[in-house]
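Here's the structure we're looking at; comments come further down.
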Amino acid sequence: MAQIQFSRGINEEVIPDVRITRSRDGSNGTATFYFEKPKALSSTSTDEITGMYLVDEEGELVTREVKAKFINGQPEALEALYIIRSAEQWERFKRFMERYAEEHGLALNKPKE
């Protein structure tokens with residue numbers, strides 16, 4: 001039951017591109033979520049975007065860092081930034097992403113060294 005929501009209780013159907021960076025000591029980092037043509041921006045959606053909520057059986061992770069991208073005045077994408085500030089937050093975020101990836105068929109691509 002791992003879902004991403006932009007309005008509480010309404011699951012986003014579009015699967016995001018997620019880019020994760022982490023400090024060398026593992027103490028902090030960021031996860032950038034990019035949703036192309038998300039349901040939350042569709043003309044049929046009347047729900048207000050109040051943040052990005054990563055919801056699973058452990059609870060929820062929340063960020064208010066959500067920006068809409070517009071092209072020719074039309075909403076095209078949402079970008080959300082989730083900032084991770086501790087090793088415990090990393091572990092919690094990883095558990096959410098593992099559940100989300102398994103449920104939605106995502107794969108991890110590690111950078112080339």
Side-chain angles (χ1 to χ4, degrees):
M1 196 262 344
Q3 295 295 331
I4 297 176
Q5 303 172 351
F6 290 105
S7 298
R8 288 190 194 277
I10 301 171
N11 296 335
E12 177 56 57
E13 296 171 4
V14 172
I15 306 299
D17 179 40
V18 183
R19 301 193 186 275
I20 301 169
T21 60
R22 188 174 185 182
S23 64
R24 289 197 186 276
D25 68 1
S27 64
N28 58 55
T30 61
T32 304
F33 292 75
Y34 188 82
F35 297 81
E36 195 166 319
K37 297 192 184 305
K39 183 178 89 170
L41 288 179
S42 72
S43 59
T44 59
S45 177
T46 58
D47 298 299
E48 185 176 336
I49 294 172
T50 56
M52 183 178 71
Y53 307 93
L54 310 177
V55 183
D56 65 10
E57 58 263 25
E58 288 185 57
E60 71 179 21
L61 305 169
V62 180
T63 182
R64 304 279 186 227
E65 297 287 329
V66 180
K67 297 177 186 172
K69 304 276 184 177
F70 291 83
I71 298 177
N72 295 325
Q74 298 300 311
E76 289 292 318
L78 282 175
E79 184 175 272
L81 185 66
Y82 182 73
I83 299 172
I84 302 162
R85 294 185 172 93
S86 70
E88 294 79 24
Q89 282 185 328
W90 266 111
E91 291 305 313
R92 173 66 178 99
F93 178 75
K94 270 183 14 183
R95 289 192 303 274
F96 170 83
M97 286 306 298
E98 286 167 359
R99 291 177 185 119
Y100 188 82
E102 187 175 312
E103 287 182 30
H104 296 88
L106 297 178
L108 174 65
N109 295 326
K110 293 191 178 186
K112 296 181 175 95
E113 302 206 9

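The figures here come from the full heavy-atom set of this structure, side chains too, leaving out hydrogens, waters and symmetry mates. Each residue takes its place number in the sequence, starting with 1.
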inquiry  = Salt bridge or not between R99 and E102? Use side-chain N to carboxylate O under 4.0 Å.
reply    = no
Look at the side chain of [X] and the backbone N and O of [Y], then say whether any donor-acceptor pair between them is shorter than 3.5 Å.
{"X": "N72", "Y": "Q74", "value": "no"}
{"X": "R22", "Y": "T30", "value": "no"}
{"X": "T21", "Y": "G29", "value": "no"}
{"X": "E12", "Y": "K39", "value": "yes"}

Output the distance between atom [atom1] ([X]) and atom [atom2] ([Y]), rounded to the nearest 0.5 Å.
{"X": "W90", "Y": "S27", "atom1": "CH2", "atom2": "OG", "result": "10.0 Å"}
{"X": "E36", "Y": "L78", "atom1": "CD", "atom2": "CG", "result": "11.5 Å"}
{"X": "H104", "Y": "M97", "atom1": "NE2", "atom2": "CE", "result": "10.5 Å"}
{"X": "Q3", "Y": "E13", "atom1": "CD", "atom2": "CD", "result": "9.5 Å"}
{"X": "I10", "Y": "I4", "atom1": "CD1", "atom2": "CD1", "result": "15.0 Å"}
{"X": "K69", "Y": "L41", "atom1": "NZ", "atom2": "CG", "result": "12.0 Å"}

Over 12 non-hydrogen atoms of neighbours within 6.0 angstrom of [atom1] in [X]:
{"X": "R85", "atom1": "CZ", "answer": "no"}
{"X": "E103", "atom1": "CD", "answer": "yes"}
{"X": "E57", "atom1": "CD", "answer": "yes"}

For residues [X] and [Y], report the shortest heavy-atom separation together with the two atoms involved.
{"X": "I83", "Y": "Q89", "answer": "O-OE1, 4.2 Å"}
{"X": "T32", "Y": "E79", "answer": "CG2-CG, 3.9 Å"}
{"X": "I20", "Y": "A31", "answer": "CG1-CB, 4.2 Å"}
{"X": "A80", "Y": "M52", "answer": "CB-SD, 3.5 Å"}
{"X": "F96", "Y": "A2", "answer": "CE1-CB, 3.9 Å"}
{"X": "F6", "Y": "A40", "answer": "CD1-CB, 3.8 Å"}

In this structure, would [X] and [Y] fall into the same cluster of hydrophobic residues linked by side-chain contacts under 4.5 Å?
{"X": "L54", "Y": "Y34", "result": "no"}
{"X": "Y53", "Y": "I15", "result": "no"}
{"X": "M1", "Y": "V62", "result": "yes"}

ask   = Yes or no on side-chain contact (heavy atoms from CB on, under 4.5 Å) for E91 and I84, after CA distance, side-chain angles and deciding distance?
value = CA-CA 10 Å; E91 291 305 313; I84 302 162; over 6 Å; no
task = Measure the shortest side-chain to side-chain distance between Y100 and P16 over non-hydrogen atoms and say whether it is less than 4.5 angstrom.
result = yes
ask   = Do T63 and F33 come within less than 4.5 Å of each other through their side chains, counting heavy atoms only?
value = no
request  = Apply side-chain contact (heavy atoms from CB on, under 4.5 Å) to the pair V55 and E60, showing each step before the final yes or no.
outcome  = CA-CA 4 Å; V55 183; E60 71 179 21; 4.1 Å; yes
inquiry  = Check the orientation of F93 and Y82. Use parallel for under 30°, tilted for 30 to 60°, and perpendicular for over 60°.
reply    = parallel
